[in-house]
Asks: 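Below is the structure I would like to discuss, written out as structure tokens.
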2 protein chains.
Amino acid sequence: MAQRPPSETPPTDDTSDGPAQAKPSRIQKRNRALILEAALDVFSQEGYRGATLDQIAQGSGLSKPNILYYFNGKEEIHVTLLNQLMDRWLDPMRQIDPQGEPLEELLRYVARKLQMSRDYPRESRLFANEILQGAPRMGPHLEAVLKPLVDDTAVVIQGWIDAGKLAPTEPRHLIFSIWATTQHYADFEVQVSVLDGSPTRDATAEAFLRTLYTRLLRPEGR
Amino acid sequence: MAQRPPSETPPTDDTSDGPAQAKPSRIQKRNRALILEAALDVFSQEGYRGATLDQIAQGSGLSKPNILYYFNGKEEIHVTLLNQLMDRWLDPMRQIDPQGEPLEELLRYVARKLQMSRDYPRESRLFANEILQGAPRMGPHLEAVLKPLVDDTAVVIQGWIDAGKLAPTEPRHLIFSIWATTQHYADFEVQVSVLDGSPTRDATAEAFLRTLYTRLLRPEGR
DNA sequence: TGGTTTTTTTACCGCTTGGTAAATTTAGAC
DNA sequence: GTCTAAATTTACCAAGCGGTAAAAAAACCA
């Protein structure tokens with residue numbers, strides 16, 4: 001017998017029907033990690049519908065039924081990945097210090113986002129895929145988590161502008177542009193590679209973005 | 001009998017095995033357009049593998065076998081869309097006039113790209129999907145068509161910079177950033193909508209980008 | 001070591017997918 | 001109207017899909 005999978009991660013609320021045992025074994029942790037790792041590869045490159053459990057099985061070295069022993073289905077794997085992603089994804093924005101030097105804080109935010117695109121390109125593509133398809137599995141999450149954070153950050157930036165510490169700009173669209181320009185290097189990596197095969201590309205990108213946002217945000221008197 | 005579809009569009013070179021008749025009938029033109037229209041909807045939202053012929057059939061009002069009478073397969077529909085897209089997609093860059101006023105030319109390019117994201121969001125997402133998945137059906141096209149155009153444009157921009165008409169910037173990454181910021185409004189529309197539901201969003205975006213690139217590119221003496 | 005639980009495999013299933021063959025209907029030329 | 005070619009429908013596959021049942025194997029614990 002014993003047909004019950006160990007279900008969702010303990011810290012999260014238990015949406016599945018399983019017994020939700022609290023202490024995942026060594027094997028469970030290892031195999032769940034293997035599955036998520038392989039799934040990230042597949043989902044980020046093929047999109048949700050394009051990804052298959054067989055691909056994930058092959059990538060993780062486990063059999064398909066074995067994967068379904070650890071996750072209740074394809075969708076649960078995907079949702080787990082997205083939830084894990086969001087925490088890491090929003091971290092750079094949470095690190096913006098309202099008490100810090102405005103221009104420096106924002107330039108460091110840009111640098112952190114760019115670094116994330118380099119270190120976690122698959123996560124960036126996974127996220128892009130989800131949004132591109134209308135965020136069918138993350139819409140509520142965007143409203144509940146992302147929106148308040150962006151609202152707060154926009155207020156902080158507007159405060160800096162009102163205090164004359166930054167040149168006037170629309171805060172929300174500033175944020176959009178930072179996301180767009182940094183994530184572009186991960187999401188459109190193939191295209192970027194074709195057009196700039198230079199080995200110093202990373203450094204050039206960093207310097208360019210620093211210049212871009214310095215010139216945009218630096219207040220009047222230099 | 002008469003089992004042969006009319007195959008590819010006449011202007012393009014004939015890659016299919018069909019008889020490739022030169023004069024598409026009224027019905028052929030109408031139905032191929034219907035199919036491509038529906039396919040654009042589906043492919044742009046679901047990605048290549050996520051899209052199904054049944055969805056395209058439903059969207060176009062034709063039966064699935066009838067669709068395969070006009071196109072030799074799912075992939076041919078997709079490739080046809082991508083080829084049609086690329087022409088329209090690169091047009092704004094081709095319109096940059098090397099003889100024009102540099103800053104004005106680039107700001108108008110940004111405005112045109114932004115307008116394209118508004119007028120053709122599905123095309124933008126179709127393209128994004130293709131690149132995101134590693135450009136499996138467009139890699140050669142990028143090399144052959146996109147790269148030369150970008151190379152030329154980069155030379156023009158560098159010329160402007162060397163002549164002191166623009167503040168110094170890396171031309172290629174400038175282009176990347178223009179693509180990223182403008183296409184972001186189409187590709188991440190769901191996210192943008194959640195974070196900025198304002199009805200004046202379009203105008204705000206346009207003003208923001210104008211400010212962004214004016215401050216980046218305006219040469220020293222204002 | 002023996003018994004129990006967890007983990008993995010084997011063998012499936014029903015459904016959807018892209019695609020085909022051939023018959024049927026429709027449109028166009030005379 | 002009639003003949004012919006183009007267009008469409010009907011009836012199908014074979015393969016791949018997510019998922020399941022149950023037996024076998026491995027790990028754990030005493």
Side-chain angles (χ1 to χ4, degrees), chain A residues 1-7 10 16-35 38-39 42-43 46-81 137, chain B residues 1-8 10 16-35 38-39 42-43 46-81 136-137:
Chain A
M1 282 192 189
Q3 187 65 3
R4 291 285 122 152
S7 94
S16 69
D17 53 349
Q21 78 185 52
K23 292 161 192 170
S25 74
R26 204 177 66 250
I27 295 180
Q28 275 172 43
K29 270 199 273 188
R30 178 177 54 93
N31 283 352
R32 282 181 66 97
L34 277 174
I35 292 168
V42 179
F43 280 127
E46 310 277 358
Y48 179 73
R49 292 201 57 187
T52 73
L53 288 181
D54 290 280
Q55 288 174 291
I56 298 173
Q58 183 141 6
S60 65
L62 302 178
S63 69
K64 187 167 67 175
N66 203 9
I67 285 177
L68 291 165
Y69 171 73
Y70 288 102
F71 290 91
N72 284 328
K74 181 182 177 181
E75 182 154 350
E76 191 181 292
I77 303 177
H78 193 239
V79 168
T80 302
L81 279 176
R137 276 164 269 274
Chain B
M1 281 191 188
Q3 187 65 1
R4 291 285 121 155
S7 94
E8 198 89 327
S16 69
D17 53 349
Q21 77 184 55
K23 292 160 192 169
S25 75
R26 201 178 68 251
I27 295 179
Q28 276 173 42
K29 271 199 274 191
R30 178 178 54 91
N31 283 354
R32 282 182 66 99
L34 278 173
I35 292 168
V42 179
F43 280 127
E46 310 275 359
Y48 178 74
R49 291 201 57 187
T52 73
L53 288 181
D54 291 280
Q55 288 174 292
I56 298 173
Q58 182 142 6
S60 65
L62 302 179
S63 69
K64 186 167 65 174
N66 203 10
I67 285 177
L68 291 165
Y69 171 73
Y70 289 102
F71 290 90
N72 284 329
K74 182 182 177 181
E75 181 154 351
E76 191 181 293
I77 303 176
H78 194 241
V79 168
T80 301
L81 279 175
R137 278 164 268 274

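Letters A, B, ... mirror the listed sequences (proteins, then strands); counts begin at 1.
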Asks: Just wondering, do A/Thr52 and B/Arg49 contact through their side chains at under 4.5 Å, heavy atoms?
Replies: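 In contact.
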Asks: Enter the distance from B/Ile35:CD1 to B/Arg30:CZ here, rounded to the nearest 0.5 Å.
Replies: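 CZ of B/Arg30 is found 10.0 Å from CD1 of B/Ile35.
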Asks: To the nearest 0.5 Å, what is the distance between OG1 (A/Thr80) and CG (A/Asn72)?
Replies: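 Atom-to-atom, A/Thr80:OG1 and A/Asn72:CG are 9.5 Å apart.
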Asks: Quickly work out the B/Arg49 CZ to C/dT16 P distance and round it to whole Å.
Replies: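 The answer, rounded to whole Å, is 17 Å.
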Asks: OH of B/Tyr69 versus C1' of C/dT25: gap in Å, rounded?
Replies: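 Between C1' of C/dT25 and OH of B/Tyr69: 13 Å.
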Asks: Which heavy atom of B/Ala57 sits nearest a heavy atom of B/Lys64, and at what distance?
Replies: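 Here B/Ala57 and B/Lys64 meet closest at CB-N, 3.9 Å.
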Asks: Side-chain contact, heavy-atom cut-off 4.5 Å: A/Ile77 with A/Phe43?
Replies: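 With C-beta onward as the side chain, the pair touches.
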Asks: Take the protein atom OH of B/Tyr48 and the nucleotide atom C1' of C/dT17, then report the distance between them rounded to whole Å.
Replies: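 Checked: the OH to C1' distance equals 12 Å.
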Asks: Return the set of residues passing side-chain contact (heavy atoms from CB on, under 4.5 Å) with B/Glu75 (not counting sequence neighbours), or none when no residue passes.
Replies: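 If we apply the side-chain contact (heavy atoms from CB on, under 4.5 Å) test to B/Glu75, skipping adjacent residues, the hits are B/Tyr48, B/Val79, B/Arg137.
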Asks: Quick one: pull up CG in B/Asn31 and CZ in B/Phe71 and give me the separation to the nearest 0.5 Å.
Replies: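 It comes to 10.0 Å.
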Asks: Return the value, rounded to whole Å, for the distance between atom NZ of B/Lys74 and atom P of D/dG16.
Replies: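 Answer to the nearest Å: 14 Å.
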Asks: With rounding to the nearest 0.5 angstrom, report the CG to CG distance, A/Leu62 to A/Leu53.
Replies: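 Going from the CG atom of A/Leu62 to the CG atom of A/Leu53 covers 12.0 Å.
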Asks: Using C1' atoms of five pairs at each end, report the bend of the helix from C/dG2-D/dC29 to C/dC30-D/dG1 rounded to 10 degrees.
Replies: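 End-to-end axis angle for the helix from C/dG2-D/dC29 to C/dC30-D/dG1: 20°, rounded to 10°.
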Asks: OP1, OP2 of D/dA7 versus side-chain N and O of B/Gln28: anything below 4.0 Å?
Replies: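 For D/dA7, OP1/OP2 do have a side-chain N/O of B/Gln28 under 4.0 Å.
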Asks: Whole Å only: how far is the CG atom of B/Asn31 from the C1' atom of D/dT9?
Replies: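 The answer, rounded to whole Å, is 14 Å.
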Asks: Find the distance B/Tyr70:OH to C/dG19:P and express it as a whole number of Å.
Replies: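 Spelled out: OH on B/Tyr70 to P on C/dG19 is 18 Å.
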Asks: In whole angstroms, how far is the C1' atom of C/dG18 from the CG atom of B/Leu53?
Replies: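 After rounding, the gap between these two atoms is 6 Å.
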Asks: Can you tell me which nucleotide in D/dG19, C/dT8, D/dT8 comes closest to the side chain of A/Leu68?
Replies: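 Of the candidates, D/dG19 comes closest.
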Asks: About how many Å separate CD1 of A/Ile67 and NZ of A/Lys74, when rounded to the nearest 0.5 Å?
Replies: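 Answer for the NZ-CD1 pair, A/Lys74 versus A/Ile67, is 12.0 Å.
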Asks: Nearest whole Å is fine: how far is D/dG18 P from A/Glu76 CD?
Replies: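 So the CD-P distance, A/Glu76 to D/dG18, works out to 15 Å.
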Asks: Tell me, which of residues 54-64 of chain A have any heavy atom that sits under 4.0 Å from an atom in DNA chain D?
Replies: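 Result for residues 54-64 of chain A: A/Asp54, A/Lys64, sorted by number.
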